[in-house]
There are 2 protein chains.
Amino acid sequence: MPVLALFGSYGYLRAFLVRFHKPMHKSDIPRKTIYRLSIYNRVLQRLRETGAQTVSSEALATAAGVKSTQLRKDLTYFGQWGTRGLGYNVEALAKAITGVLGMAKLQPVILVGAGQLGTALLRYGGFAKEGFEVVAAFDADIETRRPRDIKVPILHSSKMTDFIRERGVKLAILTVPGSVAQQVANELIAAGVQAILNFAPAVLHVPERIVVNNVDLAIELENLSYFVK
Amino acid sequence: MPVLALFGSYGYLRAFLVRFHKPMHKSDIPRKTIYRLSIYNRVLQRLRETGAQTVSSEALATAAGVKSTQLRKDLTYFGQWGTRGLGYNVEALAKAITGVLGMAKLQPVILVGAGQLGTALLRYGGFAKEGFEVVAAFDADIETRRPRDIKVPILHSSKMTDFIRERGVKLAILTVPGSVAQQVANELIAAGVQAILNFAPAVLHVPERIVVNNVDLAIELENLSYFVK
DNA sequence: CTGTGTGAAGGCTTTCACAGCC
DNA sequence: GGCTGTGAAAGCCTTCACACAG
């Protein structure tokens, strides 16, 4: 598995470069660190609005809900950004994190499945603020799915594959019923999608090069209910 | 921190009992195992519908997207459920997992913040199927928030605390704007809520006895965008 | 003296290897 | 022979302790 993973896609080459060339972009940053970088970035954004110039690891970590050592360790994965005795430059650190996360440019995203949850997400708009644009939505039934207040075009599923190819879409949000999730995921991957944010209550089986993040509301609730007495 | 955690609420007493009495219910099952138990349960449900009597760890694990050794290890945390050379009894295993997750009884849940995302979740209904009932929703502005097709009553925030106390609500879904999330969380906790499913893009600072699961759409997308080249 | 950077230690989770039962 | 149960090993992530820079 470790060996296989290395050879999956161009992983092996990248690992090689990483070790000898020390990149400032992508490498073997732990998965959990990546998540936290997004959180740090948010806090930094807020700090910037308040006009703060610098921030200590202690302050930033507390605001992000982690320990300060954790924050410092997280940052060392891609360089040294602080000034000892002073802290971090808010602006510079935010820029560095944004670069590492690969969010410098707007990523086009599509949404598949314009049901209750799907249309809510379309309206929700919390994505654009963070550098994503949902460029289109797809559904098998676009007749009954026509909320007037949504600006994103809702197209028929049959146009999905061509759209992905033409626009080079790599990110998809999947909000279809669980029963068709796997099949739709297969189509997405065949068309060139590389990462899927899956809201469908189903386990997606995908090639190793594809990344899937699952958001399952029922499972989150079940998990919580275990911890309440 | 470890010592403090032990004394938080009745943790110390429970730890003591666990060590010497060996409970079949709740104990130190790893957090990640709890998540997977929910997934196993789903797969078992589907198997039951197809009429299958038994299932091997290999088959169940594959369907759940994990390795078979992982599945078997997960199950040993709360007993022995298989028959060597044969596999697991579908019915019995499902019942055992449901028991461990503490989902024997319907958990009343409230939703706070009836905006786009909140109302979508109310309509979504994916919870009820899994043993949860959203008994009420709350919002600071119930005038403009009156979708006619939602059966769950939407009440004014001022009634929230009393409602939680009277009904003994322990689980809450938080779909308010990030700017007020901490304040609303404080109210929920003061009223007796023990676990929060937080959709607000904010880091909640809560006492150690409170459990928070965060679902942050923007962060999930950012995370994916790191992995696409 | 304040606050970052980091090797080493510790803790948690997954995987392995194989003993044991049907 | 087939398949589960599990101690031990490996891997990953977090925390500690402290060197070191401003």
Side-chain angles (χ1 to χ4, degrees), chain A residues 1-6 11 15 18 22 24 27-37 39-40 44 47 52-90 92-93 96-97 208 223, chain B residues 1-6 15 18 22 24 27-37 39-40 44 52-90 92-93 96-97 208 223:
Chain A
M1 169 72 158
V3 174
L4 266 171
L6 271 180
V18 164
K22 181 84 170 182
M24 85 130 271
S27 62
D28 23 39
I29 302 180
R31 231 196 134 100
K32 292 196 154 182
T33 294
I34 302 294
Y35 269 100
R36 285 190 296 264
L37 288 182
I39 299 175
Y40 303 153
L44 288 170
L47 278 173
Q53 299 281 314
T54 63
V55 62
S56 70
S57 66
E58 187 61 41
L60 183 52
T62 303
V66 303
K67 288 211 160 66
S68 64
T69 50
Q70 172 100 266
L71 164 65
R72 293 204 299 274
K73 177 66 94 180
D74 281 342
L75 300 185
T76 62
Y77 288 115
F78 57 96
Q80 301 184 181
W81 305 94
T83 310
R84 300 185 187 208
L86 224 160
Y88 300 89
N89 179 302
V90 172
L93 186 55
I97 292 177
E208 216 161 324
N223 186 61
Chain B
M1 168 80 154
V3 175
L4 268 172
L6 272 180
V18 163
K22 182 82 170 181
M24 88 128 269
S27 60
D28 21 40
I29 302 180
R31 231 198 135 103
K32 292 196 154 180
T33 294
I34 301 294
Y35 268 99
R36 287 190 295 265
L37 289 181
I39 299 174
Y40 303 153
L44 287 170
Q53 299 280 311
T54 63
V55 63
S56 71
S57 67
E58 188 62 42
L60 182 51
T62 302
V66 302
K67 289 213 160 64
S68 65
T69 50
Q70 172 102 266
L71 165 65
R72 294 205 297 278
K73 177 66 92 180
D74 282 342
L75 299 185
T76 61
Y77 288 115
F78 58 97
Q80 301 185 183
W81 305 94
T83 310
R84 298 180 188 213
L86 224 160
Y88 300 89
N89 179 303
V90 172
L93 186 54
I97 292 177
E208 218 160 321
N223 186 61

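Note on naming: letters A, B, ... go to the chains in the order of the sequence lines (proteins, then strands), and numbering restarts at 1 for each one. It should be emphasised that the depicted structure is a prediction, and the values quoted were computed from it without experimental measurement.
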Taking side chain as C-beta onward, heavy atoms only, is [X] less than 4.5 Å from [Y]?
X	Y	answer
A/Leu37	A/Phe78	yes
B/Ser57	B/Tyr88	yes
B/Val66	B/Tyr40	yes
B/Gln53	B/Val90	no

**Asked** At what distance, to the nearest 0.5 angstrom, does CG of B/Asn223 lie from CD1 of A/Ile34?
**Response**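 Interatomic distance, B/Asn223 CG to A/Ile34 CD1, rounded to 0.5 Å: 7.0 Å.
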**Prompt:** Quick check: does any side chain N or O of A/Thr83 sit under 3.5 Å from a backbone N or O of A/Leu86, one acting as donor and the other as acceptor?
**Reply:**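 Answer holds: no.
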Would you name the heavy atoms of [X] and [Y] that are closest together and state the gap between them?
X	Y	answer
B/Leu71	B/Ala61	CD2-N, 3.8 Å
B/Thr33	B/Asp74	OG1-OD1, 2.8 Å
B/Ser68	B/Glu58	OG-OE1, 3.3 Å

How long is the line joining [atom1] of [X] and [atom2] of [N], in whole Å?
X	N	atom1	atom2	answer
B/Phe78	D/dG5	CZ	P	10 Å
A/Lys32	C/dT13	NZ	P	8 Å
B/Lys67	D/dG11	NZ	P	13 Å
A/Tyr35	D/dC13	OH	P	13 Å
B/Tyr40	D/dT4	OH	P	13 Å
B/Tyr77	C/dC12	OH	P	11 Å
B/Arg31	D/dC13	CZ	P	17 Å
B/Leu93	D/dT4	CG	P	11 Å

**Message:** At less than 4.0 Å, is any side-chain N or O atom of A/Gln70 found next to OP1 or OP2 of D/dC13? Yes or no.
**Reply:** no
**Complete:** Among the nucleotides C/dT15, D/dT14, C/dT14, whichever has the atom closest to the side chain of A/Arg36 is D/dT14
**Asked** Can you give one letter per nucleotide of nucleotides 1-10 of chain C, going 5' to 3': B for a protein heavy atom under 4.0 Å from the base, S for sugar-phosphate only, - for none?
**Response** -BBBBBBB--
**Terminal helix-axis angle for the helix from C/dC1-D/dG22 to C/dC22-D/dG1, with five pairs defining each axis and rounding to 10 degrees** = 0°
